[in-house]
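Just so you know, ligand 1 is whichever comes first in the structure, and atom 1 is the first atom listed for that ligand.
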Amino acid sequence: MGELLLVIDEGTTSTRAMVFDPSGRCLGSEAADLTQHYPGPGLVEHDAAEIWERSVACTRTMVARSGGADAIAAIGITNQRETVVFWDKLTGEPLAPAIVWQDRRSAALCRSLREAGEEPALQARTGLRLDPYFSGTKIAWAMEHWPQLREAGARLAIGTVESWLVWKLTANEGRAGLHITDATNASRTLLMGLGSGGWNDSLLGMFSAPREALPEIVDCAGRFGTTTLFGGEIPICGLAGDQQAATIGQACLARGDTKGTFGTGAFVLTNAGTTPPSSKHRLLATVLWQLNGRRTYAIEGSVFVAGSLIQWLRDSIGLIGTAPETEAIARSVPDSGGVYLVPALSGLGAPWWEPEARAALSGMTFATTRAHIVRAALEAMAHQSHDLKTAFAADGADWARLRIDGGMVTNDWIAQDLADILALPVDRPAFAETTALGAAMLAGLGSGIFTTLEEASGMRGACTTFEPGLGADLREARLAGWKRAVEQVLV
Ligand code: ADP
């Protein structure tokens, strides 16, 4: 038995297989795009069969490149969260399209439950909000509108994407697969009690989710099952949703440790310890990991528009040619010249929570140039992160430093500006694929290569630290200007 760790990193737009050695070195990866289906306004679907076929093809390639199944100690899986798959336990084939996390088809159901006053109790139980984002409302919609799911009766299986992949990896020659989900993914469904870690019957009733169709909730690390699809036995030993895996991959193992992933949007998670947190500022409470049946929790908040602002400036406005050139443009001026860009292109998130807010560019004069506007766009990342920090602190989760990753923070100017405006040291790991790394750590732990998560976190490697350097006056002036700019867009 080898000691390599193979990760299946199943994302929204692509799926990948990556191989690590126990020191954290990435030995290679293979990726394939996933087809996005948009059958109507607000509807986003994936073909679960395609997710499986492309994930298994990438995995097969990486097993072969690693020297065969014997070289692999364990598989870890991390996945796009909240997306739901429906399949037939007898045939192992999907019964319906997978409903993707971005899909808004259950908005009316959420509205009616909110109007019925259900949200506070749901939030207290699950840590989540009544939003189409979460799996439970998607399951309720599907059970009502897709008769084949009801007709399948006891053959119906429901699960998030890691659950689907584990079933397919472990099903063999007509034998049913293993039907499990890990506690991080289960905590995104609206069906699991955050404190109990089990499916809650009244929540299952509220969202018409048949208990016998749901997977068993398990830890994030352990020997869950074995796949024989790659020419030998490989155990599946690590499971976690993508943001939780990234938080683990950033070694946020102590209470208060915080990571921010700055991709298309930005996701911030703070380790909240072993007592279920409860947010008064509309942040989410979620499971960060479960090991030996014991849960560690996180508070989670997101900025809706991060890298997508840069894409918008490039593709819709034509102000820039490429995302990386924003760094030199921002450095070409000493400041934004009083310009603020509030990127409320799809409403404003924490702590404002104004879905109807619209973006605004303000503070311009004849002296304003393209560089000032681009700089204002980049500055908006630190400003929005500061707003999130305020909400987290009000919920008792103040940040001492911030660990960053994602496509945007390859931009050194943004990383430094985050440190300056948050007035915190900001750490950026040399190896940016923290999501896959977190799943590799869990697989290493579950297979016995490591005995503790602390030991596994040695896979993380070196970081660059950006120290805060902006004077308090300048910082206060920027934050005051941002606050005024935000107030102008609040309706
Ligand atoms: P996702 O995982 O959400 O697809 P990534 O982590 O790959 O996103 O990050 C891609 C995003 O980062 C894009 O929206 C892009 O505009 C932005 N981005 C990439 N490079 C830079 C850069 N050098 N400066 C600013 N933004 C960047």
Query raised in the report: Are side-chain N/O atoms of D405 and T261 paired as donor and acceptor at under 3.5 Å?
Result: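 A donor-acceptor contact under 3.5 Å links the two side chains.
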Query raised in the report: Can you tell me if T435 and D242 form a side-chain donor-acceptor pair at under 3.5 Å?
Result: no
Report task. Sequence neighbours left out, what passes ring-ring contact (aromatic ring centres under 6.0 Å, His included) with F450? Give chain and number order. Result -> none
Just the distances, no angles: every ligand 1 N or O to protein N or O pair closer than 3.5 Å, one line each.
{"residue": "ligand 1", "atom": "3 (O)", "partner": "T264", "partner atom": "N", "Å": "2.9"}
{"residue": "ligand 1", "atom": "3 (O)", "partner": "T264", "partner atom": "OG1", "Å": "2.6"}
{"residue": "ligand 1", "atom": "4 (O)", "partner": "T264", "partner atom": "OG1", "Å": "3.4"}
{"residue": "ligand 1", "atom": "6 (O)", "partner": "G407", "partner atom": "N", "Å": "2.8"}
{"residue": "ligand 1", "atom": "9 (O)", "partner": "G407", "partner atom": "N", "Å": "3.4"}
{"residue": "ligand 1", "atom": "14 (O)", "partner": "G307", "partner atom": "O", "Å": "3.0"}
{"residue": "ligand 1", "atom": "14 (O)", "partner": "Q311", "partner atom": "OE1", "Å": "2.6"}
{"residue": "ligand 1", "atom": "16 (O)", "partner": "G307", "partner atom": "O", "Å": "3.1"}
{"residue": "ligand 1", "atom": "20 (N)", "partner": "G407", "partner atom": "O", "Å": "3.4"}
{"residue": "ligand 1", "atom": "24 (N)", "partner": "N411", "partner atom": "ND2", "Å": "3.1"}

Query raised in the report: Parallel, tilted or perpendicular for W87 and W167, by the 30°/60° rule?
Result: perpendicular
Report task. Please lay out, stage by stage, how E45 and R105 fare under the test salt bridge (charged side-chain N to carboxylate O under 4.0 Å, His left out). Result -> CA-CA 11 Å; E45 296 176 350; R105 74 185 68 200; 2.9 Å; yes
Requested in this report: Verify the neighbour count for atom CZ of R331: are there more than 12 heavy atoms of other residues, nucleotides or ligands below 6.0 Å?
Outcome: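 Enclosed: over 12 neighbouring heavy atoms sit under 6.0 Å from CZ of R331.
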